[in-house]
Amino acid sequence: MSGGCACCFCLLCNTFLCFTLAFFTFCYILTSDEPKFSITDASLTQFNFTNTDNSTLHYNLALNITIRNSNKMVGIYYRRIQVIANYRQKTFAMVNLTSAPFYQGHKNTTTLHAVFEGQQLAVFGESNISQLNSDTAASIYSIDLQLALQVRARYFSFKTAEYSSSKIDCKLQVPLSLNETSPSGFNVTMCGNVHILTDRGD
Ligand SMILES: *[C@@H]1O[C@H](CO)[C@@H](O)[C@H](O)[C@H]1NC(C)=O
Ligand SMILES: *[C@@H]1O[C@H](CO)[C@@H](O)[C@H](O)[C@H]1NC(C)=O
Ligand SMILES: *[C@@H]1O[C@H](CO)[C@@H](O)[C@H](O)[C@H]1NC(C)=O
Ligand SMILES: *[C@@H]1O[C@H](CO)[C@@H](O)[C@H](O)[C@H]1NC(C)=O
Ligand SMILES: *[C@@H]1O[C@H](CO)[C@@H](O)[C@H](O)[C@H]1NC(C)=O
Ligand SMILES: *[C@@H]1O[C@H](CO)[C@@H](O)[C@H](O)[C@H]1NC(C)=O
Ligand SMILES: *[C@@H]1O[C@H](CO)[C@@H](O)[C@H](O)[C@H]1NC(C)=O
Ligand SMILES: *[C@@H]1O[C@H](CO)[C@@H](O)[C@H](O)[C@H]1NC(C)=O
């Protein structure tokens, strides 16, 4: 009699364990498949720094940013996308993409355009100046982008509140192309630090 009861209890425990495991696996599947961000094209037609008078950086950079949501269950509302352009840890330009807000469903790919054009007062230290000079000699500049997103995630019919995710990093090597019509020789670059679904950032 008591043996039967113990068995019954055992079965209950196992069932419970199975459900918990299944639940966590399900949650894992929902959140582990982050969208993929890549810079599919970049065209840099001006990047000159004048040290005489005021230290000014003149820049003209156009980008194609591709976002692929391969998650089968989660859709993402991009409420705001801010793209921050840095050179040698110095932010020289920021834009808010006008294509946001938009919704990206499952298994969808979206290409966004960002253009940075203008000038910025910039102070670079000695070593950064010499790095800039060698980049200029090679005609390839190391430009780091950060993408700051405000999003809402959609799980089936449930939508989360709006939140900011941690910043996405894209480390680019952009060749200077003075001739806008010829291909620039930019290599497609994947972005890192994508934690939109797993880490709600700040
Ligand atoms: C981006 O994509 C468009 C087509 O969607 C293309 O015309 C353009 O040359 C691409 N590159 C840049 C840097 O904008
Ligand atoms: C930067 O370079 C472009 C093209 O090479 C030129 O038109 C522009 O006048 C330059 N700007 C400065 C401030 O030197
Ligand atoms: C440098 O900055 C000062 C003050 O902002 C401005 O009056 C001057 O015209 C600038 N010089 C150049 C060459 O842009
Ligand atoms: C861009 O978005 C940020 C917040 O994401 C906001 O603080 C900033 O004012 C916006 N800039 C412009 C020019 O709209
Ligand atoms: C991707 O999303 C766009 C805009 O919402 C839509 O027009 C397009 O049909 C979608 N593509 C796929 C394959 O679902
Ligand atoms: C370049 O400048 C940034 C600040 O703008 C500084 O943090 C960094 O250490 C500098 N790098 C070098 C190599 O001097
Ligand atoms: C730009 O490149 C194209 C094709 O390579 C060439 O036909 C054109 O003459 C070039 N333009 C200039 C201004 O160099
Ligand atoms: C693109 O990739 C090729 C092959 O890896 C490399 O030789 C070339 O320098 C890269 N170009 C840039 C601009 O990084």
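Indexing begins at 1, ligand by ligand and atom by atom, following the structure's order.
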Under a 3.5 Å distance rule, please check whether N193 uses its side chain to pair with a backbone N or O of K167 as donor and acceptor.
yes

Do any N/O atoms on Q173 end up under 3.5 angstrom from N/O atoms on ligand 8?
no

Between R68 and T109, is there a side-chain donor-acceptor contact under 3.5 Å, judged purely by atom types and distance?
yes

Using 30° and 60° as the class limits, which term best fits the ring planes of Y78 and F37: parallel, tilted or perpendicular?
perpendicular

Out of all atoms in ligand 1, which are within 4.0 Å of some heavy atom of D41? Include the element for each.
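So the answer, numbered in order with elements, is 10 (C), 11 (N), 12 (C), 13 (C).
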
Ligand-side contact atoms (ligand 1) for residue partner N64, heavy atom cut-off under 4.0 Å:
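So the answer, numbered in order with elements, is 1 (C), 2 (O), 3 (C), 8 (C), 10 (C), 11 (N), 12 (C), 14 (O).
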
When you look at F49 and Y141, which way does the ring pair (Phe, Tyr, Trp, His ring centres under 6.0 Å) test go after all the steps?
CA-CA 12 Å; F49 177 70; Y141 295 90; over 10 Å; no

Distances only, to 0.1 Å: what are the N or O pairs between ligand 4 and the protein that fall under 3.5 Å?
{"residue": "ligand 4", "atom": "2 (O)", "partner": "N96", "partner atom": "OD1", "Å": "3.2"}
{"residue": "ligand 4", "atom": "2 (O)", "partner": "N96", "partner atom": "ND2", "Å": "2.6"}
{"residue": "ligand 4", "atom": "5 (O)", "partner": "R80", "partner atom": "NH1", "Å": "3.1"}
{"residue": "ligand 4", "atom": "11 (N)", "partner": "N96", "partner atom": "ND2", "Å": "2.8"}
{"residue": "ligand 4", "atom": "14 (O)", "partner": "N96", "partner atom": "ND2", "Å": "3.1"}

Apart from M94 itself, which Ile, Leu, Val, Met, Phe, Trp or Tyr residues share its cluster (side-chain heavy atoms under 4.5 Å, direct or through members)?
I84

Rounded to the nearest 0.5 Å, what separation is found between the CG atom of L147 and the CD atom of Q82?
10.0 Å

R152 side, atom CZ; I76 side, atom CD1 - distance, nearest 0.5 Å:
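Between R152 CZ and I76 CD1, I get 13.0 Å after rounding to 0.5 Å.
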
For P175, the ligand 8 atoms whose distance to one of its heavy atoms is below 4.0 Å:
13 (C)

For Y87 and F47, run ring pair (Phe, Tyr, Trp, His ring centres under 6.0 Å): C-alpha distance rounded to whole Å, both residues' side-chain angles, the deciding distance at 0.1 Å, then the answer.
CA-CA 11 Å; Y87 183 75; F47 201 82; 5.1 Å; yes

